[in-house]
Student: 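One structure, pasted below without further comment.
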Amino acid sequence: MNLNMIWFFLVGLLLVGYAVLDGFDLGVGILYPLAKTEEERNALLEAIGPVWNGNEVWLVAGGGALFAAFPNVYATLFSGFYLAFILMLVALIFRAVALEFRNKETWGWWRKLWDIVFVLGSAGSTFLFGVMVGNIILGLPIQANMDFQSAMFLNLFHPYAILVGLFILSLFALHGAMYLHLKTQTLLQERVKQWTRFWYSAFIGLYLLTTGALFVKQFSIIRHVQAHWWTWGIVIFLIIAILSIPFCLRQKKEVTALLASGGVITVTFFLFGMGLYPTLLPSRLDSTWNLTIYNAAASEKTLFIMLIVAAIGLPFVLAYTFGVYWVFRGKVYTEDKLL
Amino acid sequence: MDVVLLARLQFSFTILFHYLFPPLSIGLATLMVVMEAWYLRTGKPVYRAMTQFWSQIFAINFGLGVATGLVMEFQFGTNWAVYSRFVGDIFGSALAAEGIFAFFLESGFLAIVIFGWEKVSARLHLFATMMVAFGAIFSAFWITVANSWQQTPVAYHLVRHAGQIRAELTDYWAMIFNPSSMDRFSHVIVGSWILGAFFVMSICAFYLLQKKHLEFAKRGFIIAMIFAAVITPLQLFIGSHQAKTVTVYQPAKLAAFEGIYQTRSEVPMWAFGIPDDKSQSVRYGLPIPGMLSWLAKDNIHATLQGLESFNPDVRPPTFLPFESYHLMITIGLYCIFISWLGIFCWWQKKLFENRWLLWIFVLSVIGPYLANELGWIATETGRQPWLVYGLLRTSEGISPAVDSPSLIASLVIFSLLYLALFAVFIYSLNKKIQKGPQC
């Protein structure tokens, strides 16, 4: 175990933390058009109201940690995905604005407008995120100087990358549905149950399709993952987690169901990380130009200092996150007769 | 179009827009601590209403700061890839420390400040307000340290890593307390405080003119005015101390600030003027003889380096640094004058009846907003042509993969986004001001 490996793990932890936390509120945004009445829409917004902001701080922390620990990845990735990444940020910002402003006025057109912005922002940022992940799996046009040959935008939308985008969309939607199960009751929960049926099947279909395509498009990732015997344990855990979701819902074990969908996200990203390790960004031009945890890393001294910073800071981050969720625990209030 | 120019335009546009928000966050949070401490001391409900009102405005402002800050967090990577590789070992660690320490502190305790009035004790609430103020200041600390290292780089060595030269850290504390960081940090904080004070005075004066919320407005105005009267002269001393640091570490920047073309003694400081590169002199100006020599080296006869002593390819531009620097100083002096004029009228018991003076205070908030921006324009353009002073040129730092169509597209996207954000900010602020405090 050296510092580079630790930081591979820590940056992964922050980004998975972001995906698990912001994943469900993005998912609520993807499910949002399914809400029929104003009461339903308000309940959905109320469910994520106090927490989404803190969830996005994880993205800022993850970005900062990536810059400090692997500056070459930070530079290559964001300059290479230039427009797609900026559009993702813009979508996230517009979404935040919509959440803040929708309920400031009662005019019909005003709420309609912000509803559209909220849905486009949620689905758009999730899809673009997935498309970028898909391109990392396919390999990137990284040259010897570590930069992309040219910034990608339209050529990002390779069929496989689009498939990954849709897969992440279904993953977050499912995760969002689990969160809504936890936060709602009675009639509204029944509605969420209907949505879950569709998204759960879509998720399983897309997961199988994406994994199947991976065998064809990028077998090296599969080879990496299956190189260790214990990865089979992880895969079995993943399958159990996925299959346990309907069971937990029937048993009204809503927290367990949310943990299961969060676990699916964590394990999926973990397998993705393992499939790449020790590479962070693979080059499709020449594998010697891959960015790895060694050639992309900061100096040992900086990695060590940042480890101390993380050791002091991360407990606060976790305490804060748990604190907010604890304060705002419980079901959101809706008048069932209105539904 | 030229990619370097476009990348610079985008960075300056996004950072100047972002910097509308953080100084007010710092200034308001600090005043909120004063108001709430006063509430605990006196028990008067008006101070509680005051803390609540300003914390709601703080929340709006903070939200916009976070949204525009998200763009900044990644823009070094998107647009300045070579720079990010070169300084990531140093700059990245300061930025990450800001993300991990300051942001969570600020946003975590802000939830208590806004929603926690009934849920936590009064003392704990004051503690939360103090933590929000501390978080805002701490955040400014890290990012100012990171910028200062670019201005006065120390505690690094150049190393070849994975085929590329980069700066690696040799001494963490020496990097943090680099020669210009404490000067710049205190200048930034006091500049933010001044904005906070003038912002509070502006809205209170507006209420006084409208004859609304009088108790709230009078007391709030006095707190902010006394604060402003103390810190505006303080800024003058901090600023002049910073000029001394610039003289030692970035002499070319000082020469650009003051239009010193020829190396000479008894250098004047200009009250105003226009630097003219063609005639190598400042035109249409009013010089104060020997003043700059005295400020920079405590001796009116001291010699200062002129631009002629630097190679043409390492000379900063003159017009923008000179004008923004002088306008900033003029606004700073105006802030001192107007604060003390207010104090004088208050002492004469004529302050709240004096409608034209109140109108001046309503409008004066534009001054510190401008001065905060101008200070950064001066120091950043004065650093040119360097991105990292003496080590990396701005033209060398951009992302090679990003072409000009992409840059134009992103500039258009950011312009639209920020136009929308600005509308949202004005809308929310107006709504809050119209609604007024709850007391």
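Since we're looking at a predicted model, the values are computed, not measured. Here is the naming used below: chain letters follow the sequence lines, and residue numbers restart at 1 for every chain.
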Student: Between B:Ala420 and chain A, which part of the residue has a heavy atom less than 4.5 Å away: side chain, backbone, both or neither?
Tutor: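 The side chain, not the backbone.
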Student: Tell me whether A:Asp147 is salt-bridged to B:Arg85, with the criterion being a basic N under 4.0 Å from an acidic carboxylate O.
Tutor: yes
Student: Might you confirm whether atom CZ of B:Phe127 has over 12 heavy atoms from other residues, nucleotides or ligands at distances under 6.0 Å?
Tutor: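 Open.
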Student: Are side-chain heavy atoms of B:Ile413 and A:Leu83 found at a separation under 4.5 Å?
Tutor: yes
Student: Do the side chain of B:Glu73 and the main chain of A:Gly64 share a donor and acceptor less than 3.5 angstrom apart?
Tutor: yes
Student: Which bit of B:Phe414 comes within less than 4.5 Å of chain A, counting heavy atoms only: side chain, backbone, both or neither?
Tutor: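 Contact with chain A: side chain only.
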Student: Using a 4.5 angstrom heavy-atom cutoff, name the option from B:Leu407, B:Val66, B:Ile398 with the most pairs to chain A.
Tutor: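 Answer, by heavy-atom pair count under 4.5 Å with chain A: B:Leu407.
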Student: Can you tell which part of B:Glu98 gets under 4.5 Å to a heavy atom of chain A, answering side chain, backbone, both or neither?
Tutor: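 It is neither, since no heavy atom gets under 4.5 Å.
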Student: Does some side-chain heavy atom of A:Val309 sit less than 4.5 Å from a side-chain heavy atom of B:Tyr172?
Tutor: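 Yes; the side chains approach each other to less than 4.5 Å.
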Student: Which residue out of A:Leu77, A:Leu314, A:Leu92, A:Asn145 racks up the most heavy-atom pairs below 4.5 Å with chain B?
Tutor: A:Asn145
Student: Could you pull out the closest heavy-atom pair between A:Met146 and B:Ala162, with the gap in Å?
Tutor: CE-CB, 3.5 Å
Student: Contact part of A:Val97 toward chain B, heavy-atom cut-off under 4.5 Å: side chain, backbone, both or neither?
Tutor: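 It is the side chain, since no backbone atom gets that close.
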Student: Where on B:Tyr427 is there a heavy atom nearer than 4.5 Å to chain A: the side chain, the backbone, both, or neither?
Tutor: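 B:Tyr427 touches chain A through side-chain heavy atoms alone.
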Student: Is the number of heavy atoms from other residues, nucleotides or ligands under 6.0 Å of A:Tyr294 OH greater than 12?
Tutor: yes
Student: Out of curiosity, A:Ile93 CD1 to B:Leu417 CG, how far, rounded to the nearest 0.5 Å?
Tutor: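 Answer rounded to 0.5 Å: 5.0 Å.
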Student: Based on non-hydrogen pairs under 4.5 Å, which of B:Ser399, B:Pro400, B:Ala409 is most in contact with chain A?
Tutor: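 That would be B:Pro400.
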Student: Less than 6.0 Å separating the ring centroids of B:Trp80 and A:Tyr74?
Tutor: no
Student: Are A:Phe78 and B:Asn79 close enough that some pair of their side-chain heavy atoms sits under 4.5 Å apart?
Tutor: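 SC-SC contact between A:Phe78 and B:Asn79 ruled out.
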Student: Can you find a pair of side-chain heavy atoms, one from A:Ile312 and one from B:Ile100, that are under 4.5 Å apart?
Tutor: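 With C-beta onward as the side chain, the pair stays apart.
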Student: Any chance you could measure B:Thr170, atom OG1, to A:Lys301, atom NZ, to the nearest 0.5 Å?
Tutor: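 So the OG1 of B:Thr170 and the NZ of A:Lys301 are separated by 7.0 Å.
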Student: I need the residue from A:Val73, A:Thr76, A:Leu14 with the largest number of non-hydrogen atom pairs under 4.5 Å to chain B.
Tutor: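 The candidate making the most pairs under 4.5 Å is A:Thr76.
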Student: Side chain, backbone, both or neither: which part of A:Ala297 has a heavy atom under 4.5 Å from chain B?
Tutor: backbone
Student: What part of B:Ala67 lies closer than 4.5 angstrom to a heavy atom of chain A: side chain, backbone, both or neither?
Tutor: both
Student: Among A:Lys104, A:Glu100, A:Glu105, single out the residue with the greatest number of heavy-atom pairs under 4.5 Å to chain B.
Tutor: A:Glu105
Student: Restricting to non-hydrogen atoms, name the atom on A:Phe148 and the atom on B:Ala401 that form the minimum distance, rounded to 0.1 Å.
Tutor: O-CB, 3.7 Å
Student: Pick one of side chain, backbone, both or neither for A:Ala96, based on which atoms fall under 4.5 Å of a heavy atom in chain B.
Tutor: neither
Student: I need the residue from B:Ala111, B:Ser93, B:Gly63, B:Gly69 with the largest number of non-hydrogen atom pairs under 4.5 Å to chain A.
Tutor: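 Looking at each of B:Ala111, B:Ser93, B:Gly63, B:Gly69 in turn, B:Ser93 comes out on top.
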Student: Any idea how B:Phe74 and A:Phe85 line up, ring-wise: parallel (<30°), tilted (30 to 60°), or perpendicular (>60°)?
Tutor: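 Perpendicular: the ring planes of B:Phe74 and A:Phe85 meet at over 60°.
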Student: Checking heavy atoms, do the side chain of B:Leu64, its backbone, both or neither come under 4.5 Å from chain A?
Tutor: neither
Student: Among A:Ala65, A:Ala296, A:Pro71, A:Ser299, single out the residue with the greatest number of heavy-atom pairs under 4.5 Å to chain B.
Tutor: A:Ser299
Student: Return the option, out of A:Leu303, A:Ile86, A:Asn72, A:Leu89, with the maximum number of heavy-atom pairs under 4.5 Å with chain B.
Tutor: A:Asn72
Student: Side chain, backbone, both or neither: which part of A:Phe81 has a non-hydrogen atom closer than 4.5 Å to chain B?
Tutor: neither
Student: Could you tell me whether the side chain of A:Phe67 reaches within less than 4.5 Å of the side chain of B:Ser84, counting heavy atoms only?
Tutor: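 The answer is yes; the side chains approach within 4.5 Å.
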Student: Please check if the side chain of B:His161 supplies one atom and the backbone of A:Asn295 the other of a donor-acceptor pair under 3.5 Å.
Tutor: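 Yes, because the side chain of B:His161 sits within donor-acceptor range (under 3.5 Å) of the backbone of A:Asn295.
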Student: Using non-hydrogen atoms and a 4.5 Å limit, figure out which bit of A:Leu87 sits close to chain B: side chain, backbone, both or neither.
Tutor: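 The answer is the side chain of A:Leu87.
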Student: For the CZ atom on A:Phe316, are there more than 12 heavy atoms of other groups (residues, nucleotides or ligands in this structure) within a distance under 6.0 Å?
Tutor: no
Student: Do other residues, nucleotides or ligands put more than 12 heavy atoms under 6.0 Å from B:Met72 CE?
Tutor: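 Enclosed.
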Student: What I want to check is whether the side chains of B:Ser410 and A:Tyr82 have a donor and an acceptor closer together than 3.5 Å.
Tutor: yes
Student: Are more than 12 heavy atoms from other residues, nucleotides or ligands located less than 6.0 Å from atom CZ of B:Phe13?
Tutor: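 Above 12, so yes.
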Student: Which pair of heavy atoms, one from A:Met306 and one from B:Ala97, lies closest together, and at what distance?
Tutor: CE-N, 4.4 Å
Student: So which atom in A:Ala75 and which in B:Ala81 form the shortest heavy-atom distance, rounded to 0.1 Å?
Tutor: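 Shortest heavy-atom contact: CB-O, 3.5 Å.
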Student: Under 4.5 Å heavy-atom distance to chain B, tell me which part of A:Phe101 shows up: side chain, backbone, both or neither.
Tutor: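 It is the side chain, since no backbone atom gets that close.
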